[in-house]
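All chains are named by letter (A, B, ...) in the order of the sequence lines, taking the proteins before the strands, and each is independently numbered beginning at 1.
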Protein chains: 2
Amino acid sequence: MKTADPELMRAINRFHVMDAIRRFGPIARVEISDRTELSATTVSAITGALLDDGLIITHQLGGIRDAARGRPRVLLDLNPDAAHVVGARLAPDHITIATTNFRADIRSSITLPVRVGRHGVSVVADLVEDGIRRSVADAGLELSQISGVCIGLPGVVERGAGICRASPLFGERDIPLAAELTRRLDGVAATLDSDVNLVTLAEHWFGQARGLDDFLVVSVEMGLGLGIMHKGELFRGANGLGPDLGDLLVKPPNGAGLVRLAEVASEESMLADARRALAASEHEQAFRLGRGMEKLLERAEAGDAAIVALLRAAGEALGFAIANLIVLFAPPKVILAGAALAAGEALVRPLRDTVSALLPPSLADVADIVVHEWGDEDWARGAAAMTLRDLYGAPWGTTGPAPHL
Amino acid sequence: MKTADPELMRAINRFHVMDAIRRFGPIARVEISDRTELSATTVSAITGALLDDGLIITHQLGGIRDAARGRPRVLLDLNPDAAHVVGARLAPDHITIATTNFRADIRSSITLPVRVGRHGVSVVADLVEDGIRRSVADAGLELSQISGVCIGLPGVVERGAGICRASPLFGERDIPLAAELTRRLDGVAATLDSDVNLVTLAEHWFGQARGLDDFLVVSVEMGLGLGIMHKGELFRGANGLGPDLGDLLVKPPNGAGLVRLAEVASEESMLADARRALAASEHEQAFRLGRGMEKLLERAEAGDAAIVALLRAAGEALGFAIANLIVLFAPPKVILAGAALAAGEALVRPLRDTVSALLPPSLADVADIVVHEWGDEDWARGAAAMTLRDLYGAPWGTTGPAPHL
DNA sequence: CACTTAAATAAATGATGCGGATTAAATCTG
DNA sequence: CAGATTTAATCCGCATCATTTATTTAAGTG
């Protein structure tokens, strides 16, 4: 915890006001005052400063003025053009980059179909750099107008240090990707985060967890990720590292031993198993990363027993892991996200069944398990949101820099 | 997050100063200034107020004045007599109650050999009330001089509400024990917490985790508990509920299915298994809760294969759970506590072996697993510490009341 | 034109922390 | 032994910030 001085006090209240404006759309000062429990004077002062700084704009007369007699409220909203940020997401078979404005509205986005794992780090950095420059240009902006860049990728990421400790995308470890990109982008601040953290923040801001301060996100992609929102803050492990759900150990349904969850329930392992199951058949070519999961679903719906069993095994393993996570965190909501969920009920139903079979009665009803499918842009938007969160100036997180406008 | 006002600012800095004094013993103002990064003036003002309030005392001239030329520092320390609190711990076969001063030094303690589970809640409340009154009297104090009481017990406890949601000690659920005791104790504020949270705080304050801001505590007692310290704060689940490690699901070594960890590795289950293994033998009587674990150890050392296997199974199940916890939290230290650890290496070695066998290489060395045996008094001291922590006035936790001196 | 609500503005208050100057209490030095 | 030096702690003045209370301006309704 930081030591308190007037500056911190101002930062905290400023953040509260910004957060209220972000969350409750166009909103009048009085309502900010009500919601934040700050005095009207303080809100007036802070909003005044924010208006001077150009971070917010007045949005005269929302329209519906029912039962209003006195002076009409003037609504405040984030100034979409106050800043622009770029979010990028590295997935196994593509890279998505989006440029957003200050409200996380996407202004331009671009998806590069690249098999990331096939290339070295420097090639990927090249691609990302070019993609960012392109996306920024597409949005009609200069790179110098970009306030920050956030890159999301699967694996274990130490955000504070900007280092990717380990990722299924790269053979290398401890890659200082943030520094590398900051250098390439003429000093525009680049940060790194685990992709699941991005989607967790995105759920909190735009998704199914709006207003929820405690929930879990389990992403089932090439790797398996876990995002933890606790008391409205993203929970990061001891060193700012996120947990890698793929390293969780589960009992495989066939009985013997223990395996890493990633070996049963990741997209990669499911497709590998599927290839094995259908070796030399006509479908082999289709089970590549990418649209492979849809192919799996097709076969499952067609009644292919091997595929159904495979998906059930994955679902049960995930269910086991999620049941244990519910025991540990008692979250009101668990959100499943990721391309692998495209496999649909064949995966999700065994998952749900396993969770409800395993949970003790006392926890049976605490967690609502929902599936949320995200488009590529949404992940990139999450990355942008992560940068915006810093820009809004949350004073308590370990997040560092203030906005440089 | 609360909105910031000068009062919060003062509370934060005051807490920092108090915490520095608590942690670094007799300490001079300059050193507080160094450690907290508060200005000397601020420290002076705050310590002045604390002196006026009688919360701290000057401890003139520590003794060793090496290489000192200028004005000697006057050392400050917590005023042991500034307040007194009572900590109590409910265990399956005894209740321990301790009265401590403001520095968590135990002034009197008492242990009642009671089979708690045999009695109803109201009987237990009677016993606790009487024990507290007795302990307070033994310490030469009046009940009115007690600033707070904290009761620790195994199970799922909702601290904020003062309700025990579920406990292996009681058949009932949702017991509003805190309110009940506050009533009985003439209004002295009683709080409730999970016993493992108490021992976690105690480790942080007095134990093996001094100075560590991230660690886990796994308590192996009648039930299984998990305490999580994250960034210097106790991590509580979504509703302020602590997790119940016993509900974690593990694969039993014999292979089939999944069982709750509590069914393999709790003291209760181990003793039950032992009884079964040695049914009708001369030792049956000894395997009762209480000193039963020592008896187990004896047999294990004597080479009793059934007992050794049983302890190994428990150790492996715990190891599995702990490996997964390390994956999730990456804590630098995991502390094992609890009476069941008296079983010694026969339990702990398989545990360690399992953890190192299961952890992925990247996490192999992050967590140091240590065993810490606690006396009854230490648990009660942890309960007292929990109350003191409130008294010191941590402004951010959901802890409520300020000290009423 | 009176009334109502929203918002800004102003002044007074009180709390805080900070920096620089000052006092306090020792040791060192000649 | 007296003054210089050093370090600790405090005092004084200053700036910041939020709060309260009033007052004013704005923009509507009836």
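Summarising the geometry, the separation between CG on A:Leu38 and P on D:dT19 is reported as 5 Å, rounded to the nearest angstrom. Atom-to-atom, CG of B:Leu8 to P of D:dT16 comes out at 21 Å; the value is rounded to the nearest Å. To the nearest angstrom, P of D:dA18 lies 12 Å from CG of A:Asp5. The CG-P distance, from A:Leu50 to C:dA7, rounds to 15 Å in whole Å. Whole-Å rounding puts the B:Asp34 CG to D:dT7 P distance at 13 Å. A:His16 has its NE2 atom 16 Å from the C1' atom of D:dC17, to the nearest Å. Put simply, CD1 on A:Ile46 is 10 Å from P on D:dC17, counting in whole angstrom units. If you take CZ of B:Arg71 and C1' of D:dA9, they are 4 Å apart, rounded to a whole angstrom.
One finds a salt bridge joining B:Asp53 and B:Arg14 here, because a Lys/Arg side-chain nitrogen approaches an Asp/Glu carboxylate oxygen to under 4.0 Å. In summary, A:Lys231 and B:Glu233 do not engage in a salt bridge, as defined by a charged side-chain N under 4.0 Å from a carboxylate O. A salt bridge does not link A:Asp214 with A:Lys333: every distance from a Lys NZ or Arg NE/NH1/NH2 to an Asp or Glu carboxylate oxygen is 4.0 Å or more.
Closest approach to the A:Val30 side chain among C:dA7, C:dA25, C:dG17 is made by C:dA7 (side chain taken as heavy atoms from C-beta onward). The B:Thr42 side chain lies nearest to C:dG17 when the options are C:dA25, D:dT19, C:dG17. Distances were taken from every side-chain heavy atom of B:Ser39 (C-beta onward) to each of C:dC18, C:dA7, D:dT10; the shortest belongs to C:dC18. Here C:dA26 is the nucleotide among C:dA26, C:dG14, C:dG17 with the atom lying nearest to any side-chain atom of B:Pro72.
In this structure, NE2 on B:His230 lies 9.5 Å from CZ on A:Arg236, to the nearest 0.5 angstrom.
Residues B:Phe329 and B:Phe215 keep their aromatic ring centres 6.0 Å or farther apart.
In terms of position along DNA chain C, the nucleotide closest to A:Ser44 lies nearer the 5' end than the nucleotide closest to the other residue of the pair A:Ser44 and A:Ala4.
Phosphate contact (OP1/OP2 of D:dC17, side-chain N/O of A:Asn13, threshold under 4.0 Å): absent. For B:Arg29, no side-chain nitrogen or oxygen approaches OP1 or OP2 of D:dA8 to under 4.0 Å.
Residue contacts shown for B:Ala45 are absent, as no nucleic acid heavy atom lies under 4.0 Å away. Within the 4.0 angstrom heavy-atom criterion, only backbone atoms of the sugar-phosphate kind lie near A:Ala28; the bases stay farther away.
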Produce the list of close N/O pairs, under 3.5 Å, pairing protein atoms with atoms of nucleotides 10-13 of chain C; give distances to one decimal.
none

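A:Arg159 has its side chain within reach of A:Thr191: a pair of non-hydrogen atoms, C-beta onward, lies under 4.5 Å apart.
Donor-acceptor pairing under 3.5 Å is recorded for the side chains of A:Ser39 and A:Thr42.
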